[in-house]
Every structure is written in structure tokens, then in C-alpha cells.
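What follows is a set of notes on a single structure, which appears directly below.
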Amino acid sequence: INMIAVKKEKNRQKKQMYKGYLLFLLPMIAAAVCQMVFYGITVAQIGYMFSILLVFLNNAAYHEQQDGLTGLKNKNSFYIYKDILFEKEGSHNVSIFVIDANKFKAINDNYGHLVGDKALIDIAGVLQDTVEDIPKSGIGVLRFGGDEFVITGNDISDDEISLILESIDRRIADKNSKNKKAGQQYVLDLSIGVATGDCTSKEEFDYILNKADKLMYEQKRGIGAAR
């Protein structure tokens with residue numbers, strides 16, 4: 001995610017927060033005014049309930065972009081990122097990492113879905129820590145769905161891509177070591193596909209995404225490298 005997209009997203013989140021405050025206060029103020037003008041008519045409770053309803057709807061819209069389990073952004077935010085990216089005309093150099101947990105079904109089947117959820121949270125933490133430690137700002141990570149995650153960024157060099165991949169490998173190994181000491185029986189293992197390219201349209205962006213997805217599955221089947 002480039003700096004313009006990041007700033008727009010942060011501004012959007014601030015506006016969403018302020019909007020929530022206004023949605024709560026305005027009906028209360030309107031109810032108070034009506035109470036003063038039309039003395040004897042009780043409208044305060046109606047205004048209060050209306051405020052709660054509006055805040056609930058506002059928060060629901062926010063959480064549509066948030067993954068409830070891992071705390072990462074979700075697939076909806078990925079498509080919003082893509083829309084924001086192409087609001088600016090011209091060519092955009094995009095890198096997409098598609099990341100999938102290997103043998104995740106076996107973790108669910110052998111240890112239960114609660115342990116599977118713990119494994120997903122572990123993976124999300126590894127990926128979040130990785131992108132936060134990369135010197136280049138504007139790299140984002142999200143849960144695409146199930147046991148699949150995506151890292152996106154603009155103008156990422158080959159060296160930075162290698163740094164991200166090495167950091168993920170190292171952090172996964174560290175997490176497995178800590179989990180083993182803590183008595184966790186599952187082992188985290190990831191397949192990663194990375195694709196980079198210049199795109200001037202959403203169709204070209206989707207081509208890069210599909211290429212990264214294909215490379216990920218090739219690595220999963222043991223017939224290819226990450227890129």
C-alpha cells in the first residue's frame with residue numbers, strides 16, 4: 001500500500017471515528033431541543049435509542065473491513081485498497097505476497113478449531129511483526145480468508161522482498177520453537193508466492209494477484225520457488 005493510500009485510509013478511519021461521535025450526539029441534541037420546545041412531550045429516550053442505533057450501524061460498517069479473529073484487515077479492505085490505488089492515474093508498481101498455511105486442515109482435524117484459531121493468530125502476528133519491521137512504510141498485511149493471507153506494497157525492491165521472506169521464515173521458526181516449549185503440538189509452515197509488476201488498471205492488478213497465487217500453489221506442491 002503506497003503512502004497516498006495509507007494516508008487516505010488513516011483519514012478515512014478518523015472520519016469514521018468522528019462520524020460515530022456525531023451520530024451519537026446529534027440525535028441527543030435534537031431530542032433535547034424538542035424537549036425544550038415541546039414541553040411535556042418525552043423524546044429524550046427516543047433520541048437516546050436512535051443514537052445507539054446509529055452508532056451500531058456506523059461500527060458495523062467499520063468492522064466490515066476488520067477480521068474479527070486476527071485483528072488484521074480483511075478481504076473487503078483489500079478491494080478498497082485496490083480502488084484507492086487506481087484513483088490516481090498512471091502506472092503503479094505493485095508487489096503482492098500470497099501466503100497460505102500448509103496442512104492447516106490437519107491442525108483443525110487433529111487438535112480442534114480453537115487450536116486452529118490459535119495457529120491463525122500466530123501466523124497473523126508473525127506477518128504483522130514482519131511488515132512493521134520493514135524500513136519501507138506503506139506495506140500492509142491482511143487476512144484474505146480461511147488460512148490465506150496477503151501482503152501488499154508499492155515500489156518494493158528485490159532486496160526488500162528477500163528481506164520480507166527471510167523475516168517470515170525466521171519468525172515462523174521462532175514461533176514454532178516457543179510453541180513447542182509451551183506444549184503446542186502443531187507446527188506452523190507456510191507456502192508463499194510473490195509477484196511484482198507495473199499495472200495501470202485493476203485487470204493488470206488482478207493478473208499480478210493471480211500470478212502470486214499460482215506461485216504459492218506451485219510452492220505448496222513442491223514444484224516451485226516463492227517467485
Side-chain angles (χ1 to χ4, degrees), residues 1 59-60 62-79 81 95-136 138-153 156 158-196 208-227:
I1 301 176
N59 288 340
Y62 171 76
H63 287 294
E64 284 181 358
Q65 300 176 41
Q66 203 82 14
D67 179 55
L69 177 65
T70 65
L72 298 178
K73 294 292 186 180
N74 62 17
K75 184 185 287 188
N76 289 337
S77 69
F78 180 78
Y79 294 126
Y81 154 64
S95 294
I96 300 177
F97 299 65
V98 175
I99 303 153
D100 192 84
N102 294 329
K103 301 180 180 178
F104 181 73
K105 185 177 183 299
I107 295 177
N108 278 333
D109 291 345
N110 294 329
Y111 308 114
H113 289 279
L114 289 178
V115 176
D117 287 349
K118 169 67 166 56
L120 291 174
I121 293 170
D122 284 347
I123 294 170
V126 164
L127 300 179
Q128 186 67 56
D129 289 344
T130 294
V131 299
E132 287 179 354
D133 281 350
I134 299 299
K136 179 186 289 292
I139 300 176
V141 57
L142 57 93
R143 184 183 177 198
F144 204 66
D147 59 342
E148 191 167 85
F149 299 80
V150 169
I151 293 175
T152 58
I156 303 177
D158 287 344
D159 288 342
E160 288 167 331
I161 289 175
S162 297
L163 183 63
I164 291 171
L165 293 173
E166 291 167 5
S167 178
I168 292 173
D169 285 344
R170 184 181 69 255
R171 291 176 187 275
I172 285 292
D174 289 344
K175 178 60 68 175
N176 281 331
S177 177
K178 291 178 181 178
N179 282 346
K180 185 177 181 180
K181 291 178 181 178
Q184 292 284 2
Q185 296 180 327
Y186 63 84
V187 176
L188 299 175
D189 186 43
L190 304 177
S191 290
I192 305 175
V194 187
T196 299
I208 296 171
L209 173 63
N210 290 333
K211 182 179 178 181
D213 196 50
K214 180 180 178 181
L215 289 169
M216 181 275 292
Y217 278 108
E218 288 180 356
Q219 189 185 70
K220 185 179 284 287
R221 293 194 299 268
I223 62 174
R227 49 179 172 154

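Of all heavy-atom pairs spanning K73 and L142, the tightest one is O-CB, 3.2 Å. F104 approaches A119 most closely through the heavy-atom pair CE1-CB, 4.2 Å. Contact between Q128 and V131 at its shortest, heavy atoms only, is O-CG2, 3.2 Å.
A distance of 10.0 Å separates CD1 in I164 from CD1 in I192, rounded to the nearest 0.5 Å. Here CG of D174 is found 11.0 Å from CG of D169. Values are rounded to the nearest 0.5 Å. In this structure, the separation between NZ on K105 and CG on N110 is 9.0 Å, given to the nearest 0.5 Å.
Of the possible polar contacts, one joining the N176 side chain to the L188 backbone as a donor-acceptor pair under 3.5 Å is found. A distance-only check finds a donor-acceptor pair linking the side chain of T130 to the backbone of V126 [under 3.5 Å]. Panel note: side chain S162, backbone D158; a donor-acceptor pair is recorded below 3.5 Å.
A salt bridge between D129 and K175 is absent, with no side-chain N of the basic residue lying under 4.0 Å from a carboxylate O of the acidic one. Ion pairing of K118 with D122 is present here, as a side-chain N (NZ or NE/NH1/NH2) and a carboxylate O approach within less than 4.0 Å.
Using modelled atom types and a 3.5 Å distance limit, the side chains of S191 and N102 yield a donor-acceptor pair.
With a 4.5 Å cut-off on side-chain heavy atoms, F149 and L120 count as touching. Taking 4.5 Å as the limit, every side-chain heavy atom of V141 sits out of range of all side-chain heavy atoms of F97. Side chains of R143 and N74 form no contact here, defined as non-hydrogen atoms less than 4.5 Å apart.
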